[in-house]
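The structure appears below as structure tokens.
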Amino acid sequence: MAYWLVKSEPFKWSWQQQVEHGTTHWDGVRNYQASNNLKAMRLGDRAFFYHSNEGKEIVGIVEVVKEYYPDPSDESGRFGMVDVKAVKPMTRPVTLAEIKADPELQDIALVRQSRLSVQPVTEAQWRHICRLGETDPA
DNA sequence: GCCAACGTTGGC
DNA sequence: GCCAACGTTGGC
């Protein structure tokens with residue numbers, strides 16, 4: 001299984017809304033690198049749900065329940081989306097400041113390529129962040 | 001609100 | 001195919 005991180009501005013789409021809706025389309029991605037990461041997602045992969053701008057912290061974990069397919073909101077037909085479902089919240093949110101300050105997380109895309117909205121996470125990074133968030137990584 | 005980083009567009 | 005202009009993201 002692979003691990004990922006997806007970003008959302010809580011004003012547009014918050015973790016709370018994700019929990020209330022259960023399964024949702026992760027649509028609206030209009031960046032090739034992010035889209036390629038969506039394409040690489042497989043059923044059962046997990047992703048951290050990160051609040052950008054407001055909060056700047058990882059607040060929960062979602063699971064991929066449908067693989068890449070066309071995004072009907074994209075008129076150009078170039079971009080797709082996946083479906084994700086809320087799995088569980090982080091017991092304790094893990095902030096960007098903590099991640100930046102952690103020597104073991106210096107290579108994470110969140111630090112190195114901050115604008116990318118869909119990012120890969122290594123298994124080591126996944127476990128480390130789960131430990132910081134006092135959350136079972138499984 | 002500012003600005004750095006970076007992606008995209010379009011003229012040539 | 002280059003690159004200047006412009007737009008967007010997102011941290012601060």
Side-chain angles (χ1 to χ4, degrees):
Chain A
M1 129 153 59
Y3 300 98
W4 309 92
L5 180 146
V6 295
K7 286 197 225 175
S8 185
E9 295 183 45
F11 281 132
K12 290 183 184 162
W13 185 252
S14 70
W15 171 249
Q16 191 56 43
Q17 287 171 291
Q18 183 71 47
V19 169
E20 284 165 9
H21 285 73
T23 296
T24 55
H25 311 307
W26 202 264
D27 61 359
V29 170
R30 297 290 183 271
N31 169 284
Y32 284 110
Q33 209 178 340
S35 185
N36 283 337
N37 287 331
L38 286 181
K39 262 184 213 168
M41 288 183 180
R42 294 296 166 253
L43 279 182
D45 281 359
R46 298 265 170 123
F48 287 129
F49 191 111
Y50 176 80
H51 276 166
S52 59
N53 281 319
E54 290 285 318
K56 286 169 282 179
E57 57 190 10
I58 292 169
V59 287
I61 292 174
V62 295
E63 179 178 329
V64 176
V65 293
K66 182 168 179 177
E67 293 182 6
Y68 191 85
Y69 61 109
D71 178 348
S73 73
D74 172 30
E75 290 177 12
S76 74
R78 287 180 288 189
F79 297 102
M81 62 188 186
V82 299
D83 287 1
V84 297
K85 139 186 122 173
V87 174
K88 59 186 170 188
M90 302 304 280
T91 307
R92 203 180 60 76
V94 178
T95 65
L96 178 63
E98 280 179 273
I99 290 168
K100 281 191 161 175
D102 195 314
E104 286 191 51
L105 296 172
Q106 291 313 292
D107 286 335
I108 198 170
L110 195 62
V111 175
R112 311 202 97 193
Q113 212 180 341
S114 62
R115 286 185 34 188
L116 188 59
S117 64
V118 182
Q119 320 183 340
V121 173
T122 68
E123 186 173 356
Q125 289 163 351
W126 183 270
R127 291 180 176 281
H128 193 81
I129 289 170
C130 283
R131 200 175 318 127
L132 293 176
E134 297 164 15
T135 303
D136 184 351

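The chains referred to below are lettered A, B, ... by the order of the sequence lines, with proteins before strands, and numbering in each begins at 1.
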Item to complete: Measure the distance from CG on A/N31 to P on B/dT9 and round it to the nearest whole Å.
Response: 11 Å
Item to complete: Check the side chains of A/R30 and A/S73 for a donor-acceptor pair under 3.5 angstrom, ignoring hydrogens and angles.
Response: yes
Practice prompt. Round to the nearest Å and state the distance from A/Q119 atom CD to B/dC6 atom P.
Written response: 13 Å
Worksheet item: Where the side chain of A/Q106 meets the backbone of A/K100, is there a donor-acceptor pair that is under 3.5 Å apart?
Response: yes
Practice prompt. Please state how far atom CZ in A/F11 lies from atom P in C/dT9, giving the value in whole angstrom units.
Written response: 16 Å
Item to complete: Could you note down all residue pairs passing ring pair (Phe, Tyr, Trp, His ring centres under 6.0 Å) where residues 82-112 of chain A supplies at least one of them, sequence neighbours left out?
Response: none
Practice prompt. For the pair A/H21 (side chain) and A/Q17 (backbone), establish whether a donor and an acceptor sit closer than 3.5 Å, ignoring hydrogens and angles.
Written response: yes
Item to complete: Assign the ring pair A/F48 / A/W126 to parallel, tilted or perpendicular, where the plane angle (0 to 90°) is split at 30° and 60°.
Response: parallel
Worksheet item: Is any side-chain N of the basic residue among A/E104 and A/R131 closer than 4.0 Å to the acidic one's carboxylate O?
Response: no
Worksheet item: Quick one: is B/dA4 close enough that its OP1 or OP2 comes under 4.0 Å of any side-chain N or O from A/Q113?
Response: no
Contact list (N/O, under 3.5 angstrom) for nucleotides 10-12 of chain C vs protein:
| residue | atom | partner | partner atom | Å |
| --- | --- | --- | --- | --- |
| C/dG10 | OP1 | A/K7 | NZ | 3.0 |
| C/dG10 | OP1 | A/R115 | O | 3.2 |
| C/dG11 | OP1 | A/Y50 | OH | 3.0 |
| C/dG11 | OP2 | A/N53 | N | 3.0 |
| C/dC12 | OP1 | A/K100 | NZ | 2.7 |

